[in-house]
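Input: a single structure, listed below in structure tokens.
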Amino acid sequence: MAILSPLRSRSAAISVAAIAGTVAAGVCFAVSGASAGTVSGSLYRDPSSAVVRWVAANPGDSRAAVIRDKIASQPQARWFANFNPSTVQAEVSEHIGAANAAQQIPVLAVYEITNRDCGGASAGGAPDLNQYQTWVSNFARGLGNQTVLIILETDSLALLTCLSSSEINARNQAISTATRTIKSANPNAKVYLDAGHSTWNSAGETANRLRAAGVQYADGFFSNVSNYNSTSNEANFGRAVISSLNGMGISGKRQVIDTSRNGGASGDWCGDDNTDRRIGMYPTTNTGDANIDAYLWVKPPGEADGCRYTAGSFQPDLAFSLANGAPNPPTTAPPTTTPPTTTPPTTTPPTTPPNTTPPAGDGCYADVAINQWAGGFTASVTVTAGKSDITGWTVTVVLPSGTAVTGTWNAQASGTRGTVQFRNVSYNGRVLGRQSTNFGFQGTGTGPGTTATCVTA
């Protein structure tokens, strides 16, 4: 699926009168409001994203290791930008199912509003708002019932210059209806509306537009998608928007911030022609800020804006420029850093439980958790040190006949079939005694068993 990139160049405040949005007559919903709460849990890393596929296909590229370790290893939003009402439910359901199986929180960016991007580089969307509602209804049916973060229509409220007053009113109604459709289908969905960014519209104007589009039914708003403003500036902007909403009697709303490329200098919006950018904070729901639900990579790093390259296409030179020189991601520890000696983990499959006894002496051991679907799988491998610290590790996995590895993250793979060795990368080779790190891989066919051989470097 081609993922289009939203266009957001406008830094000057655009003064467009906010028009109060009302819900289309005759539409009833079970949800009367949304209470924003803290989101907690691990975000989902899509093993079939464009960057993961590129890394798997280009292991000898001099840029591959940096892109793999600092971008492909991280959770990013999955964009739904094609007008495909007949197939969108199945696509969403497949993605949600994989995330739920991994016990992680998926981030879905909906980018389908009619007259999208005011006809700019990412033009498209539903032909009209009636068909948009049909698409949204089908999209919502695939969301399941577990936590999912929805980034609803980037630029749809910050960019209104191409719309008449009646068209703005109709868009507000459409977004309000879409929010309630999604919340009705999955009450655990967290829906966030467009707040542009801190150098676009003022906080007061942004709050007016959010209210007009039904933010009272959503969990909050998102900002900085595809832009470069610092996280601190976006957080200050978000607090001002929340304060304005509170003054309107709309309370409890929270912010999510796109940090996918705001770790360097700010300036011209178009990332295609700027190579001095850096990825920002790595994605997490652990923000430490009572107003912010998550720092997300909504705009996948390395995907073009539509200036020099086709919007949404993955460009390794862009990805490398964002990742090169950026700090390494934090090593992800499993929920239990010291494996229990008597009780197996709650995620143990009903057959062939993994080894749960730490090594009696030095060394390391590895446990494998498999998420299997028809024709393929992902594997999450936990590497645990013995009583002493280790400075490097190699995990050997024996694959069933007909199975092949197609992608790896947080490790370097040697081979793709039969007996495959996975070695640590630069940032996760050192593991303290009785502590753990992890890596993962995906493949076609049947996944391996739940144990593997681990040796230290």
Spacing of [atom1] belonging to [X] relative to [atom2] belonging to [Y], to within rounding of 0.5 Å:
X	Y	atom1	atom2	value
Glu153	Thr179	CD	OG1	9.5 Å
Asn138	Ser86	CG	OG	8.5 Å
Asn262	Arg278	CG	CZ	13.0 Å
Ile242	Lys253	CD1	NZ	10.5 Å
Asn233	Asn227	CG	CG	11.5 Å
Asp117	Ser156	CG	OG	11.5 Å

Side-chain touch [X]/[Y], heavy atoms, less than 4.5 angstrom:
X	Y	answer
Trp135	Val110	yes
Lys190	Val39	yes
Pro75	Trp297	no
Tyr295	Pro283	no
Asn424	Gln412	no
Ser198	Ser223	no
Ile105	Tyr44	no
Ile250	Arg211	yes

Legend entry - Of all pairs that satisfy disulfide bond (SG atoms under 2.5 Å apart), the ones with a partner from residues 74-110, not counting sequence neighbours: none

Inset, instruction - Answer yes if the ring centres of Phe139 and Phe80 are under 6.0 angstrom apart, and no otherwise. - result: yes

Salt bridge [X]-[Y], side-chain N to carboxylate O under 4.0 Å:
X	Y	answer
Arg209	Glu205	yes
Asp293	Arg254	yes
Arg116	Asp155	no
Asp289	Arg239	yes

Inset, instruction - Apply side chain to side chain contact (heavy atoms under 4.5 Å, CB included) to the pair Lys70 and Leu322, showing each step before the final yes or no. - result: CA-CA 9 Å; Lys70 297 181 180 180; Leu322 287 167; over 6 Å; no

Does [Y] offer a backbone N or O that forms a donor-acceptor pair with the side chain of [X] under 3.5 Å?
X	Y	result
Arg45	Ala72	yes
Tyr282	Pro327	yes
Thr287	Ile292	yes
Ser260	Lys299	yes
Ser176	Gln173	no
Gln216	Ser251	no
Thr403	Thr446	yes

Inset, instruction - Please step through side chain to side chain contact (heavy atoms under 4.5 Å, CB included) for the pair Asn229 and Phe237, ending with a clear verdict. - result: CA-CA 11 Å; Asn229 297 301; Phe237 172 66; over 6 Å; no

Legend entry - Candidate list Leu149, Val148, Ile151, Leu152, test side-chain contact (heavy atoms from CB on, under 4.5 Å), partner Leu108, passing option: Val148

Inset, instruction - Look at the aromatic rings of Trp200 and His197 and report parallel, tilted or perpendicular, splitting at 30° and 60°. - result: tilted

Inset, instruction - May I have the step-by-step check of side chain to side chain contact (heavy atoms under 4.5 Å, CB included) for Glu234 and Asp258, ending in yes or no? - result: CA-CA 9 Å; Glu234 290 303 303; Asp258 186 356; over 6 Å; no

